[in-house]
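Only one structure is covered here, and it is reproduced in the block below.
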Amino acid sequence: MMEKLVGRGQKKRLHSNDEPRRSPRKKIKAETDEMIKEEDGDASGEFSRPIPWKKIEAEGLDCDYALLFSKEEADTLFQQLEEELVYSTGEQAQVQVFGKVYNIPRKQATYGDAGVTYTYSGVTRVASPWTPTLRNIRDKVTNTTGRIFNFVLINRYKDGRDHMGEHRDDERELDPLWPIASVSLGATRDFIFRHRDARGKQSNRRIQPVKLELANGSLLLMNPPTNSMWYHSLPIRKKVIRPRINLTFRRIKLINEPKS
DNA sequence: TAGCATACATAAGT
DNA sequence: CACTTATGTATGCT
């Protein structure tokens, strides 16, 4: 149970087949340098603020990454959320997988506009009303991306043992043409994408996984068709001892008039 | 080495 | 009926 911690270069492990460092200050890492392009604050673009974005691309994968909050801002937001948020308990904190019931290895909460619901592994959750801090973060994301979101799924990982298995966010109630905006607060965690055709034993395709570090105060935009082509996961990292709160802002289609 | 990371087999319901 | 997501186990890496 106890950690032996002692920081032995946690960051380096992401570079497995290492090459000479061409850009030592990169805040995120991918398998190849080609996947990441600097897009330093082109304010003439569709984004309203000159934040340095990084583009992460692979076959069918399209993400934008930026540091949205300073460390001080992020730490404050984290503490405010720790006081404000109420996480699911009881049955709402369990998942039924293949007939077996498991406790979710993390904590979850759902907030959003009135009337929005979200179904995850057969369990429907109702969005609680936005809290002040969530509104702040949501508005910052909207101002930065030009996108409006009506829902946020929050996952809290108390340490590196809390995790999330490989999955796609491709629920039917999600607008497939809308990006998902993922805000990270607290401990840095590894984040792994795997192409859907590169899973399992007998997949002919050898598409390398894309590995990122999601830092305190960062925003990761997952643009279509990333979420249908790639699975993602937040793997166990036993050396991580601090908590992380992740907020994934989404657009949920209102299910008033479902198509038969 | 011991411990960690990763890949895969596996569970039964929709 | 293809797909689901967490756990357990095997194996490789450092």
Side-chain angles (χ1 to χ4, degrees), chain A residues 1-19 28-32 58 60-61 87-110 117-125 153-174 176 180 182 187-214 222 225-242 244 246 248 250 255 258-260:
Chain A
M1 272 294 222
M2 293 292 292
E3 317 269 323
K4 294 273 159 65
L5 69 141
V6 180
R8 284 193 329 175
Q10 271 175 250
K11 292 181 183 169
K12 285 191 180 156
R13 279 180 292 107
L14 282 182
H15 263 291
S16 44
N17 27 15
D18 244 15
E19 308 163 15
I28 53 175
K29 319 201 172 187
E31 290 297 283
T32 66
L61 183 146
Y87 293 93
S88 299
T89 57
E91 291 189 358
Q92 292 277 63
Q94 296 178 323
V95 190
Q96 194 162 356
V97 189
F98 298 112
K100 291 184 180 175
V101 176
Y102 299 97
N103 293 320
I104 295 174
R106 60 190 174 275
K107 283 183 172 179
Q108 287 191 328
T110 52
T117 64
Y118 173 71
T119 302
Y120 168 83
S121 293
V123 181
T124 297
R125 294 178 171 80
L153 172 66
I154 300 163
N155 282 287
R156 185 187 187 277
Y157 306 88
K158 67 177 182 299
D159 58 29
R161 287 177 166 73
D162 274 1
H163 62 281
M164 174 145 51
E166 209 170 61
H167 70 286
R168 296 179 290 178
D169 290 316
D170 62 346
E171 286 82 10
R172 264 179 296 229
E173 56 199 318
L174 288 177
I180 292 177
S182 170
T188 298
R189 288 292 293 264
D190 291 351
F191 188 76
I192 315 270
F193 284 105
R194 284 177 74 200
H195 194 282
R196 66 183 185 186
D197 294 339
R199 304 164 75 245
K201 202 168 190 174
Q202 49 190 358
S203 60
N204 353 342
R205 313 200 56 194
R206 296 273 166 88
I207 305 175
Q208 289 302 109
V210 174
K211 307 181 180 186
L212 310 177
E213 287 182 355
L214 301 183
M222 291 177 272
T226 303
N227 248 309
S228 56
M229 303 294 289
W230 293 72
Y231 288 70
H232 60 267
S233 65
L234 194 90
I236 288 173
R237 288 292 179 265
K238 301 203 172 183
K239 289 170 184 165
V240 175
I241 58 176
R242 293 178 44 231
R244 167 177 182 263
N246 181 61
T248 49
R250 300 143 187 263
I255 53 176
K259 272 285 168 206
S260 58

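Because only heavy atoms are used, hydrogens play no part in the values below, and waters and symmetry mates are left out as well, while side chains stay in. Numbers restart at 1 for each chain; the letters A, B, ... are given by sequence-line order, proteins then strands.
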| request: Could you provide the dot-bracket string of DNA chain B, using ( ) for intrastrand pairs, [ ] for crossing pairs and | for bases paired to another strand, with Watson-Crick or G-U pairs below 3.5 Å? | output: .|||||||||.|||
| message | Which residues pass the ring-ring contact (aromatic ring centres under 6.0 Å, His included) test with His163(A), not counting sequence neighbours? | response | none
| note | note: Phe191(A), atom CZ; dA5(B), atom C1'; distance rounded to Å ~ 18 Å
| Can you tell me how far P of dA5(B) sits from CD of Glu213(A), to the nearest Å? | 13 Å
| Roughly how many Å is it from CG in Leu234(A) to P in dA6(C), rounded to a whole number? | 12 Å
| With a non-hydrogen cut-off below 4.0 angstrom, is Ile104(A) in contact with a base, only sugar-phosphate, or nothing? | nothing
| query | To the side chain of Val97(A), which of dC8(B), dT7(C), dT5(C) is closest? | reply | dT5(C)
| Does the side chain of Ser182(A) come under 3.5 Å of the side chain of Thr248(A) through a donor N or O and an acceptor N or O? | no
| field | Arg189(A) side chain to Asp159(A) backbone, donor-acceptor under 3.5 Å | value | yes
| request: Between dT5(C), dC8(B), dA6(C), spot the one nearest the side chain of Arg194(A), thanks. | output: dC8(B)
| Could you give the CD1-to-P distance, from Ile236(A) to dT7(C), as a whole number of Å? | 8 Å
| Please give, in whole Å, the distance from dC4(B) C1' to Arg189(A) CZ? | 14 Å
| Does OP1 or OP2 of dT6(B) have a side-chain N or O of Lys211(A) closer than 4.0 Å? | yes
| query | Among all residues two or more places apart in sequence or in another chain, which pass the ring-ring contact (aromatic ring centres under 6.0 Å, His included) test with Phe191(A)? | reply | Phe193(A), His232(A)
| query | Counting side-chain heavy atoms from CB outward, which of dA11(B), dC8(B), dA6(C) is closest to Lys100(A)? | reply | dA11(B)
| message | For dT4(C) and Arg168(A) - does any side-chain N or O of the residue sit under 4.0 Å from the phosphate oxygens OP1/OP2? | response | yes
| task | Check each of Leu234(A), Thr188(A), Asp162(A) against Arg244(A) using the side chain to side chain contact (heavy atoms under 4.5 Å, CB included) test, and report the only one that passes. | result | Leu234(A)
| query | Just to confirm, is there a sub-4.0 Å distance from OP1 or OP2 of dA6(C) to any side-chain nitrogen or oxygen of Arg106(A)? | reply | yes
| Rounded to the nearest Å, what distance is computed from the CG atom of residue Asn155(A) to the P atom of nucleotide dT5(C)? | 13 Å
| task | Answer yes or no: does a side-chain N or O of Tyr231(A) lie under 4.0 Å from OP1 or OP2 of dT4(C)? | result | yes
| message | Please report the distance, rounded to the nearest Å, between NZ in Lys239(A) and C1' in dA5(B). | response | 10 Å
| What nucleotide, of dT4(C), dA6(C), dA5(B), holds the atom closest to the side chain of Lys238(A)? | dA5(B)
| said: As a test of reading the structure: which of dA11(B), dT5(C), dT7(C) is closest to the side chain of Tyr102(A), going by heavy atoms? | reply: dT7(C)
| By side-chain hydrogen bond (donor to acceptor under 3.5 Å, both in side chains), which residues pair with Asn155(A), not counting sequence neighbours? | Arg106(A), Gln108(A)
| task | Could you name each residue pair satisfying side-chain hydrogen bond (donor to acceptor under 3.5 Å, both in side chains) that touches residues 89-100 of chain A, not counting sequence neighbours? | result | Gln94(A)-Asn103(A)
| task | Please determine if a side-chain N or O atom of Arg237(A) lies less than 4.0 Å away from the OP1 or OP2 oxygen of dT6(B). | result | yes
| salt bridge (Lys or Arg N to Asp or Glu O under 4.0 Å) involving Arg125(A) - partner list, sequence neighbours excluded | none
| said: So, OP1 or OP2 of dT7(C): does either fall under 4.0 Å of a side-chain N or O from His163(A)? | reply: yes
| task | Please state how far atom CZ in Arg196(A) lies from atom C1' in dC3(C), giving the value in whole angstrom units. | result | 13 Å
